[in-house]
Amino acid sequence: MESIITLDVCGLPPPEPFVRIMAALETLPAGSALQVRIHREPFPLYDVLRENGFAWQTATPADGNFQILIHHAA
Amino acid sequence: MNIASLSTEQSPPISFPFSFFALAPLFLPLAAVMLALGEGNPFAETHSPALLAATHCITLGFMAAVMFGAVQQILPVLVGSKMPAARLVARFTLPALFAGTLALCGGFMRGQPLWFNLAWILLGPALLTFTGASLISLARAPANNATRSAILLAVIALAIAGSIGGLLAHGFATGAALPYPEWLVAHAGFSLGGWVMLLIAGVSYQVVPMFQLTPNYPKWLTAALAPALFVLLLAGFLPLLFGTAARPLTLAAESLYWLLAVIFAGVTLNLQSRRRRRVPDATLSFFRLGMVSLICAALFAFAATLCPAAHTAFRTLSALAFLLGFAMSVVNGMLYKIIPFLVWFHLFRGGMKSGIPNMKQIIPEPWMWWHYRLQWATLLAATGAPFLDRAAWLVAAGLSLQGFLLGAGVFKSIAVYRKHVRQINRAQA
């Protein structure tokens with residue numbers, strides 16, 4: 001079962017959320033996933049994830065923030 | 001992490017928006033030149049040729065150019081969809097927009113058919129290309145949020161405003177018998193009240209909470225505002241269909257429009273007063289000045305209705321508060337946020353991991369504050385411009401200086417970007 005590392009970047013001004021997510025992905029172990037909580041849907045991030053071999057699922061919980069689960073693509 | 005190898009397909013090259021941003025400020029001193037070339041005080045008469053030429057320098061040469069460049073970059077960020085054929089769209093619209101604006105100014109100042117014909121021949125395809133590409137991008141967008149709806153309505157409003165503008169320019173050139181006053185009202189409504197207002201509202205829904213760290217806009221406002229404003233603008237066509245009989249209805253629609261605009265400004269100011277990070281920020285101050293100006297524009301419009309004796313003066317003040325106060329302040333504020341962010345983002349995606357300049361270092365903060373003070377001075381002068389010749393000259397001087405200051409900020413950003421790109425290239429060599 002994969003371990004999940006959580007990262008909350010809600011309320012941070014640009015470009016902080018992007019920088020912190022990229023830094024966390026740099027050290028993400030194989031088999032682990034990064035769960036990001038963010039206040040807006042980060043469309044530019046998806047391009048970067050796709051190009052770098054990551055897969056992700058985005059969910060919108062009731063509080064209006066986005067939860068993005070990122071892991072290495074199979 | 002292979003950032004450097006990222007395709008630039010998803011995010012248009014930085015040179016596209018920066019070409020627009022670098023050239024657009026030149027139209028502010030050009031607007032001042034138009035005012036200076038006019039006879040007497042151009043602000044004393046709402047449709048004086050010099051005032052119309054200067055207005056179009058600001059709305060088309062400056063504002064539309066900045067918005068065209070910005071929309072191309074913000075669509076992928078805000079709604080997740082890039083503009084198709086971005087390179088072609090930028091390369092065609094930029095020269096056609098600028099040349100068409102110059103031709104239109106020539107038409108107003110010289111009154112010759114050649115210039116008006118040239119204007120609609122150049123501006124028509126430029127607007128058609130931009131609106132077409134934007135609509136395709138919006139149709140493909142995965143996000144179905146209030147920002148997408150508002151930008152969609154803004155682009156439709158631009159298409160309507162541009163079509164009427166083309167019709168008017170063609171009419172001026174050929175002397176065709178048209179109901180000019182009614183078409184002029186619809187043209188101004190859809191360009192300023194439609195394209196400018198709806199685009200600013202749609203972008204604000206995301207940019208204000210994102211950059212100014214405020215709570216989100218309330219859902220009732222984001223869901224209803226843009227469609228309601230657009231429907232109210234459609235009432236501008238009623239005089240063309242029913243003549244003066246439509247007057248009570250158009251008056252009611254206009255009053256309701258201004259009321260909604262005041263609500264938008266009030267909500268934005270309220271959100272900004274509840275921001276989480278309470279540090280002085282020039283871009284935030286520009287935004288707040290813009291919202292206060294929008295409220296003033298509405299008050300002047302109400303005063304024009306309630307006080308027929310001073311109708312023309314209040315109308316001019318309302319237009320000045322909307323265009324110079326609201327639209328220009330917000331556009332300046334957004335530019336000072338968007339430009340440093342684009343420089344940072346493109347350097348990061350270009351492969352630079354360390355040593356990327358802080359966003360606050362890309363355009364010196366004191367320059368922004370000087371520009372902000374200059375904007376205040378220009379607006380104060382604008383309140384006296386319809387009545388005092390000296391105030392009109394001060395507005396012209398203020399516009400010129402603003403253009404030079406903003407242009408210097410853009411060129412400083414380009415220099416910072418180029419310096420760091422050279423560093424990346426040296427590191428990779």
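As a basis for the values below, the full set of heavy atoms in this structure was taken, side chains included, without hydrogen atoms, waters or symmetry mates. Model, not experiment: these values are computed from the prediction. All chains are named by letter (A, B, ...) in the order of the sequence lines, taking the proteins before the strands, and each is independently numbered beginning at 1.
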With a strict 4.5 Å heavy-atom criterion, list every residue of residues 332-341 of chain B that contacts chain A, or say none. B:F341
Counting the benzene-type ring for Trp, do A:H71 and A:F54 have ring centres under 6.0 Å apart? no
Which answer fits A:L12, side chain, backbone, both or neither, if we ask what part of it has an atom under 4.5 Å from a heavy atom of chain B? backbone
To the nearest 0.5 Å, tell me how far B:N144 CG sits from B:S149 OG. 6.0 Å
Between CG on residue A:N52 and CG on residue A:L25, distance to nearest 0.5 Å: 8.5 Å
Hey, does the side chain of B:Q361 reach the backbone of B:N358 with a donor-acceptor pair shorter than 3.5 angstrom? yes
Given B:F68, which partner from the list B:F16, B:F21, B:F130 fulfils the ring pair (Phe, Tyr, Trp, His ring centres under 6.0 Å) test? B:F130
Looking at side-chain heavy atoms only, is the closest gap between B:H346 and B:Q73 below 4.5 Å? yes
Tell me, side chain or backbone of B:Q212 under 4.5 Å from chain A's heavy atoms, or both, or neither? neither
Sub-6.0 Å ring centroid separation between A:F18 and B:F348: yes
Honestly, the part of B:P209 sitting under 4.5 Å from a heavy atom of chain A is neither
